[in-house]
4 protein chains.
Amino acid sequence: MYLASDNIGPALPEVMDALVAANTGHAAPYGADEVTTRATTALRDLFDAPQAAVHLVATGTAANCLALATLSQPWQAITCTPLAHILEDECHAPEFFTGGARLNPVGQAGDKMTVLELDAALSALPQGVVHSSQRGPVALTSVTERGQVYTLDELGALCDVAKAHGLAVHLDGARFANAVAALRCSPAQMTHELGIDALSFGATKNGCLGVEAVIFFDPAKAWELDLRRKRAGHLFSKHRYLAAQMEAYVTGDLWLDAARRANAKAASLVAGLREVPGFTLVAEPQANMIFATLPRATHKRLFAAGAYYYIWEGDLEGDDPDEPLLMRLVCDWSIPEADLDRFIATAKG
Amino acid sequence: MYLASDNIGPALPEVMDALVAANTGHAAPYGADEVTTRATTALRDLFDAPQAAVHLVATGTAANCLALATLSQPWQAITCTPLAHILEDECHAPEFFTGGARLNPVGQAGDKMTVLELDAALSALPQGVVHSSQRGPVALTSVTERGQVYTLDELGALCDVAKAHGLAVHLDGARFANAVAALRCSPAQMTHELGIDALSFGATKNGCLGVEAVIFFDPAKAWELDLRRKRAGHLFSKHRYLAAQMEAYVTGDLWLDAARRANAKAASLVAGLREVPGFTLVAEPQANMIFATLPRATHKRLFAAGAYYYIWEGDLEGDDPDEPLLMRLVCDWSIPEADLDRFIATAKG
Amino acid sequence: MYLASDNIGPALPEVMDALVAANTGHAAPYGADEVTTRATTALRDLFDAPQAAVHLVATGTAANCLALATLSQPWQAITCTPLAHILEDECHAPEFFTGGARLNPVGQAGDKMTVLELDAALSALPQGVVHSSQRGPVALTSVTERGQVYTLDELGALCDVAKAHGLAVHLDGARFANAVAALRCSPAQMTHELGIDALSFGATKNGCLGVEAVIFFDPAKAWELDLRRKRAGHLFSKHRYLAAQMEAYVTGDLWLDAARRANAKAASLVAGLREVPGFTLVAEPQANMIFATLPRATHKRLFAAGAYYYIWEGDLEGDDPDEPLLMRLVCDWSIPEADLDRFIATAKG
Amino acid sequence: MYLASDNIGPALPEVMDALVAANTGHAAPYGADEVTTRATTALRDLFDAPQAAVHLVATGTAANCLALATLSQPWQAITCTPLAHILEDECHAPEFFTGGARLNPVGQAGDKMTVLELDAALSALPQGVVHSSQRGPVALTSVTERGQVYTLDELGALCDVAKAHGLAVHLDGARFANAVAALRCSPAQMTHELGIDALSFGATKNGCLGVEAVIFFDPAKAWELDLRRKRAGHLFSKHRYLAAQMEAYVTGDLWLDAARRANAKAASLVAGLREVPGFTLVAEPQANMIFATLPRATHKRLFAAGAYYYIWEGDLEGDDPDEPLLMRLVCDWSIPEADLDRFIATAKG
């Protein structure tokens, strides 16, 4: 009953098979190989963006930070939500890669930024005042840290605000596939058609071993990205092993199928948990993450039965068996249905 | 006839098998998994260094730069040779990771630094003068960029000089296995027993997909390394896939066997080439790299026959068929003997 | 009627005289001169801190950032208030000097941080979690940006909280003299006796041309500060001209007299303004800054009469003549009493 | 007999008078004052560059590094001579301000770079290779560290080489006035008319307390310079005190007169020393610096008589009284003729 994250499951068999298949003969290093060419082309096709600059890296931190560093100056503020991964979970990697840009948390309710909040926050940064943080790129995330998915209208409106201020937009798509699966849109519709300038196209969480694509829809900064990736130690010499993962991932809708399975499992898990006494959702899950409360006693029963997930707020140790504690449950494609059934059954007690 | 580098061949079958084997079930992320524990323990055992801090990363640039950043201050000079990889081939990654430390090239002849050169260079950096570069760590490489292997006496004497100046020593061991194979010593004998403080233990070039270990024999800075690795985007969430490679690599002398095979192939290739007219070695090869000249016409014949390697100095295009052009040939474990034979035969004409 | 800031008035005559007096003969450069020795000694005496490391620089940004960079690591959070100068007014200078440390704004009400807020904020930074901001130094300011002065008890209690978390404390004393004048304490009582580790001892705003002292009460990091100051371009070659200002400033209580005069003028101004219709203080002024509202019509009358100060919140242009708009008024030692009288008279209408 | 440097003498009386004169009344901060406007305009007039961006700072390190950081990217090499101040004497300030650009020392003989050396060095930096240092700005210095002055032809030819490679040129003019005095040209002729893009116009060494101008002849990056200056703590709040120095300095040829006096004194000193036994020039002095040898015994006699200058190479302590030791002598405008006479007489013995 492993529901702690989507970074704890195995890689998709097709991805591993591709890795094994790539392990024959010699290949030019540093991305000059044929597998990389194929993977890059496949990504451009997937996004209907034949000119896009595509760079593969192995971690999401690298993808996000290389993109943001390329889009910003060290004296600029990068606007994001207070819960954004780049703010909360990357040990100042954005500051490191950008040379000292500042993350500017915006948004009061939940972890979606609203158009009004964004506009107000950008307007609050003075222009032409040398003492202040200068306006810089807007960093959005979907699926958000709390499992929400921006609608296309919401995303497009946020992009419009950024553009009205002359600013670029980056999308952290660590769970991009889950968002696309939820929205039933195309990758293009969720990105450059709305005004997204750069995307971290995550693959690790959705079934790869470790590969992400940094996609710039305007290729003008492709060479700068090349240099930044190398300088940060993120250019793989045996690049085919990144590329093979990515090629398999985007071939034949594998990426989307895996995300649909993950989302469906989360939906199925929620459906079962609705019948559990004390189960209360923070918000309706929209992708593969569930934020909800259960009574302390229920949590204890689940952990005792071997469940593995995170208590997000509150202390498992405590006297009141009925006190609700917030949990996060994350499903990936690999979680067995039987595990979900057992989790629900255990929760019911 | 792929002799361009040891980063173009496939991964060792045992390494790939381990990766496949690791791809089952769930595993705690970010290095909290059992595979990582086993790999880390195996490395400590291999080095007879039970207290050592061991961090896995995916690239050699990351390994070198995380180590050097941890050992230095931004106002210090890192002494290395003029041909050092960190100076010539990492797009200012050392400057980036260290926040502006300077690489201080030392050494006139070839790419080995001598004790006298090192002592003179360190002494030339003034002490207590705020305007100058301050003395910082010494960065050695073995196998060197030109294929030479420091003897244990040489390495030890360089460490002694560094220690006499109160400085730490880092060893770039991108081809550490090839050096150990050449010296027929133990890993401990080539490192902490001589005074090496930190090692980049390379595995990628010698048969992995992409994994290196940063080893600090004194664990005092382990937590700083944790933070630096995360901040630079080099902490893998699905860490077991780094660890599985490394575990397989150091199990049952696989790493050493692969290096011995690579070195032996280079020796065999040299032996054959000695009979080729115009073949002149820059220096006797000591590991798996050959730097030697062949006449232009011979190079042209080789390339026409499909050989893949680098002309290191000189221009393949030119009139004089007899002009000697410097080439680099690198053997890894995977090069077929038949390819070597055909290379020699083609060179003979 | 120049009340915009304490950086717009002239330098104290004694300071200018000292500068002229220093301009004879030759002097060793970079702080090796006798004026610097005398100024440094005078500062140590003033603070009853014979071991303190004292470094002179020309700007407050440099003083604050050199101190904070020396006290922190790039992966740490520097806790300050949301209104702190280092956060709001230095164009990311702290991020630049520290190599990417993050400013962690704490405090809801006004611009004083409370003990509870500080303790909660530090406790909220997880320990031992590599993904998070790590706990770093606490940065306090007194006089605060909104003109408040921490009591010795308040400052001491904040230092105690920092120490309980094992953290250093820096005090931005851009208006240190005004705070000491308000508290009627000694410099030692307001700093190292409470647990302040490092101080930016401001002199520019209180009557110098441009000089600040970075004082570390523990001299262990004196050499690192030397290097950081040089590396940032803040070591003056003709250092005597910084030192002469500082020596004059701390001789014979000049610094304190100037601050007392400034504070007294602010008190006198407030006393007069209390009789102005619509005058409302945000808080009782404690030093030389007044934050208060006046009706729009009153502001317009003042500006028309040649007053020079900042509207802090609200728009001078607007229809309602009675709408209160927040202003900041700052007095330095040099403001003529006649100007204050005229300001009050004009405000009364 | 103070000949150690041109940073040990007093400021010009006219400069100090201007400082005193500026110390009346109130002035807008941060460069919005009238003195700054006048000084900036005077500099643009002096250079016949009405569009130039002019920024004042207090130190040469700041001027050089702000200019270079604005002209370069962190992955670029800044080409300079092996003796350049930015390389040898600024404690890695260039690396700090640029975020990790590398200084690329070029030139074998003396401290002037030749056209052939520059072209070869730039050509040696590979283009389009992500692993390498990328080509960046060329940093020249005149007067050089060894007292030489580039002719206009030399400077122009170096600029042409840089332009042919598409690179910008910065001139470190810490002793710009001495160079112009030596060349009897106009400031424009020595800078933008040749292709110099940015200049550090030094004033401190030639008679100010501490002020330098960063001049960009193309103002496109003026705002970036504003931001960089503030972020580095180099924007003065009481900016009039920088500006007043500079205004006086460039009024009525004061700057040029002071430099002419300094150069003339150096010429006079050399003329006298030519008659001293064992006096050997390294090169004919061209401005206000003399590099020459004297026998050890002569040095001892001079120091015993109270002379203050630097032995540049060699050890004053030693047995052989006849051994030649290299000295540096620097004259500024303020050195009394009597001191020079006494120096010569003492040297003669």
Side-chain angles (χ1 to χ4, degrees), chain A residues 4-5 7 59-62 64-65 68-69 72-80 82-106 108 121 123-136 145 174 232 310-315, chain C residues 4-5 7 59-62 64-65 68-69 72-80 82-106 108 121 123-136 145 174 232 310-315:
Chain A
S5 182
N7 61 23
T59 70
T61 309
N64 286 336
C65 293
L68 290 171
S72 67
Q73 294 289 343
W75 39 81
Q76 291 179 342
I78 298 169
T79 301
C80 62
L83 296 174
H85 195 80
I86 53 172
L87 181 65
E88 288 287 287
D89 295 300
E90 292 184 351
C91 190
H92 299 192
E95 286 89 341
F96 177 51
F97 280 74
T98 62
R102 184 179 292 170
L103 300 174
N104 181 33
V106 167
Q108 295 294 333
S123 300
L125 292 169
Q127 274 196 309
V129 177
V130 79
H131 311 279
S132 303
S133 245
Q134 307 297 309
R135 298 176 189 176
E145 289 296 303
Y310 292 114
I311 298 292
W312 215 247
E313 286 172 20
D315 189 351
Chain C
S5 181
N7 61 22
T59 70
T61 309
N64 286 336
C65 293
L68 290 171
S72 67
Q73 295 289 343
W75 40 81
Q76 291 178 343
I78 298 170
T79 301
C80 61
L83 295 175
H85 196 80
I86 53 172
L87 181 65
E88 289 287 287
D89 295 300
E90 292 185 349
C91 190
H92 298 192
E95 286 88 341
F96 177 50
F97 280 74
T98 60
R102 184 179 292 171
L103 299 174
N104 181 32
V106 167
Q108 295 294 332
S123 301
L125 292 169
Q127 274 195 309
V129 176
V130 79
H131 311 280
S132 303
S133 246
Q134 306 297 308
R135 296 176 191 177
E145 289 297 302
Y310 290 114
I311 298 292
W312 216 246
E313 286 171 20
D315 189 350

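The sequence lines fix the lettering, A, B, ..., with proteins before strands; numbering per chain opens at 1. Since we're looking at a predicted model, the values are computed, not measured.
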| field | Partners passing side chain to side chain contact (heavy atoms under 4.5 Å, CB included) against A:Pro74 (at least two apart in sequence or in another chain) | value | D:Arg231
| said: Please rank C:Val129, C:Leu87, C:Val130 by heavy-atom pairs under 4.5 Å with chain A and give me the top one. | reply: C:Leu87
| task | Please round to the nearest 0.5 Å and tell me the distance separating atom SG of A:Cys91 and atom CD of C:Gln76. | result | 10.0 Å
| Looking only at heavy atoms, which of residues 92-99 of chain A get nearer than 4.5 Å to chain C? | A:His92, A:Glu95
| query | Under 3.5 Å, side chain of A:Arg102 to main-chain N/O of C:Leu103, donor-acceptor pair present? | reply | no
